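Report on one structure; see the data block that follows.
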Number of protein chains: 2
Amino acid sequence: MTQLPDSIEDSVISAILGGRLRPGTRLGEAKLAEVYGVSRTRVREAMMRLETRGIVHVSARRGWFVVEPSATEARAAFQARRVIETGMLRDLHTLPGDAVAHLRAHVEEEREALHTGHVGSRTCLLGDFHIHLAHAFGNAFLTDILRDLTARTTLVSMLYQSDQDAAASSDDHAGIVTLLADGDYAGAARLMDEHIRRVEDGLDLAAAPDPLAGLREILSPGAPA
Amino acid sequence: MTQLPDSIEDSVISAILGGRLRPGTRLGEAKLAEVYGVSRTRVREAMMRLETRGIVHVSARRGWFVVEPSATEARAAFQARRVIETGMLRDLHTLPGDAVAHLRAHVEEEREALHTGHVGSRTCLLGDFHIHLAHAFGNAFLTDILRDLTARTTLVSMLYQSDQDAAASSDDHAGIVTLLADGDYAGAARLMDEHIRRVEDGLDLAAAPDPLAGLREILSPGAPA
DNA sequence: CTCAACAGTCTTGTATACAAGATTGGTGCG
DNA sequence: CGCACCAATCTTGTATACAAGACTGTTGAG
């Protein structure tokens, strides 16, 4: 496999997970090519791959944009995650020996990020928990699928979630890990279902995506004239 | 969205679902470009999209090949389908009014294909059932995911399934539709679990992918010298 | 006869050139 | 003053050219 296009993809995705790239942001081929020091060809490859994964989309002869999930898509993305993650836990019968320890350590990281308050790494870690869980389950396909779905739900949260209750999410994660440690996989599945539903219900899907987000930032008080 | 690359993608996928394209088949860019009457650029786009969907892979400077799932990947692909499809049915509480009728009609088509005996359309229809079911569930993301996973499991079957018991599969499908009609979604989920497990267990994962499949055909008795 | 080295051919990898459409800013008419 | 029209600019869409590596078949030595 080529090396650099993958790196562009990962770079974009981690920027989304970290909240540095918002829905609707334009990704110009020329600009990206300069940033990564490659030609447009490679950038286009990466963009088309990301498009297939549902992370960006192209508007003909206008450019590439980070997707802005509609209310319908937002619901569907969370539902998909719920179906897959609970299905995974329900199918679970054994877990690798070190999995619980890893997950516990991860939750501990979340806790720290909550206190230090860095919103980017916090969001990123909260999403990563689910990916790590999928990894522990041991199915590479499901892990990849959930990675992309998590990126999507992160974008959804940026659009529709006014105040992300990160502490509650982290508590849910901790509870899930505890149940897993006890071998209560059905219980973990139930809690996961509640957990994702809770996040989903916290969304304000009536809030239309704000096409002026970029402008607003620039015009906010304190910005240079 | 562009029009032709999608058509190349769909064309390749439907060829796989119909058994006309076997695992390991080489897809040369120049040849495909000629077939579709476009330049290599468009072909490469389509191939890269299919690669991110896990349908083909590229071997550096040798060409594009239809993926040949390993035994591990074969198991994982079926497990992923099982997790998602049972998760979907368990999450189900209502179904669109015409869904059951559509599914029933589809199963009827399967039956007919079983009798006429055209192996290509039969395989295609058996896979399509699951995609139609996902469509009835109404989640576009899950539908797309299952479409790709079904393509993968079709490839798995070509590699590891000596004799596909199509009749039994179709009976399972009919049973699932009956349970859905009764509103017994939990029962449908259980039967789906058994169904996919049955197909999975029917695989001979010890049978290593045969790199000589193409040769063998040519050298089989009766072939011209 | 066997095997290693090599030249030729073929295929993908990457960049670049040019075409086509979209957007923007300006200009002139009503 | 407002609005429609138009030219200039910018961005992606597509094709093509060339570079780099892999494979094949041949040739020659041992």
Side-chain angles (χ1 to χ4, degrees), chain A residues 1-12 15 21-68 209 211-215 218-219 225, chain B residues 1-12 15 21-68 209 211-215 218-219 225:
Chain A
M1 205 91 60
T2 48
Q3 186 198 355
L4 221 41
D6 282 43
S7 149
I8 296 178
E9 284 181 62
D10 291 347
S11 170
V12 169
L21 220 42
R22 291 187 58 82
T25 306
R26 180 166 175 278
L27 301 169
E29 291 182 5
K31 197 163 289 186
L32 289 178
E34 193 178 0
V35 167
Y36 291 104
V38 297
S39 82
R40 274 180 55 212
T41 307
R42 315 278 298 268
V43 173
R44 277 180 70 80
E45 285 185 12
M47 287 301 117
M48 281 186 304
R49 287 190 149 102
L50 285 174
E51 188 184 36
T52 307
R53 296 167 65 180
I55 310 293
V56 306
H57 75 107
V58 64
S59 174
R61 284 186 179 82
R62 284 178 15 88
W64 300 88
F65 298 85
V66 178
V67 294
E68 298 178 274
L212 303 174
L215 270 184
I218 292 169
L219 297 177
Chain B
M1 205 95 59
T2 48
Q3 184 198 358
L4 220 42
D6 282 44
S7 151
I8 295 179
E9 285 181 62
D10 291 347
S11 168
V12 169
L21 220 42
R22 292 187 57 81
T25 305
R26 179 167 177 278
L27 301 169
E29 291 182 5
K31 197 164 291 187
L32 289 179
E34 192 179 359
V35 167
Y36 291 104
V38 297
S39 82
R40 276 181 52 215
T41 307
R42 315 277 298 270
V43 173
R44 278 179 70 79
E45 284 185 12
M47 288 300 119
M48 282 185 305
R49 287 190 149 101
L50 286 174
E51 188 184 34
T52 51
R53 294 168 66 181
I55 308 294
V56 306
H57 74 107
V58 63
S59 174
R61 285 186 179 81
R62 283 180 13 88
W64 300 86
F65 298 85
V66 178
V67 293
E68 298 177 275
L212 302 174
L215 270 183
I218 292 168
L219 296 176

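Computed over heavy atoms, backbone and side chain alike; hydrogens, waters and symmetry mates excluded. Everything numeric in this text was worked out from a predicted model, so none of it was measured. In what follows, every chain begins at residue 1, and chains take the letters A, B, ... in the order their sequences are listed.
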What I'd like to find out is whether the side chain of A:Glu45 reaches to under 4.5 Å of the side chain of B:Arg44, using heavy atoms alone. yes
Has A:Thr41 got a side-chain N or O lying under 4.0 Å from the OP1 or OP2 atom of C:dT14? no
Euclidean distance, atom CD of residue A:Glu45 to atom P of C:dA15 [Å, nearest integer]: 9 Å
Could you state the CZ-P distance from A:Arg44 to D:dT11, rounded to the nearest angstrom? 14 Å
Nucleotide N/O to protein N/O under 3.5 Å, stretch nucleotides 17-19 of chain D:
none

Determine whether the side chains of A:Tyr36 and A:Ser11 contain a donor N or O and an acceptor N or O closer than 3.5 Å. yes
Interatomic distance, A:Trp64 atom CH2 to A:Met48 atom CE [nearest 0.5 angstrom]: 6.0 Å
Phosphate-side-chain proximity, A:Arg62 and C:dT23, N/O vs OP1/OP2 below 4.0 Å: yes
Could you tell me how far apart A:Met48 (CE) and C:dT14 (P) are, to the nearest whole angstrom? 13 Å
Using 0.5 Å steps for rounding, measure from the CZ atom of B:Arg26 to the CG atom of B:Leu32. 9.5 Å
So OG1 of B:Thr52 and CZ of A:Arg49: to nearest 0.5 Å the spacing works out to 6.5 Å
Separation of A:His57 atom NE2 from D:dT12 atom C1', in whole Å? 14 Å
Phosphate contact (D:dC23 OP1 or OP2) by B:Arg26 side-chain N/O below 4.0 Å: no
Can you tell me how far P of D:dG21 sits from CD of B:Glu29, to the nearest Å? 17 Å
Rounded to the nearest 0.5 Å, what's the gap from CD on A:Glu34 to CD on A:Glu29? Could you check? 14.0 Å
Grab the CE-C1' distance between A:Met47 and D:dT11 for me, whole Å please. 14 Å
Tested for side-chain contact (heavy atoms from CB on, under 4.5 Å) against B:Leu27, the lone hit among B:Val35, B:Val43, B:Val56 is B:Val56
Among D:dT14, C:dA15, D:dT12, the one nearest any side-chain atom of A:Ser39 is C:dA15
Nearest-angstrom distance from the residue atom CZ of A:Arg42 to C1' of D:dT12: 19 Å
Round to a whole Å and report the spacing from CG of B:Leu27 to C1' of C:dC10. 17 Å
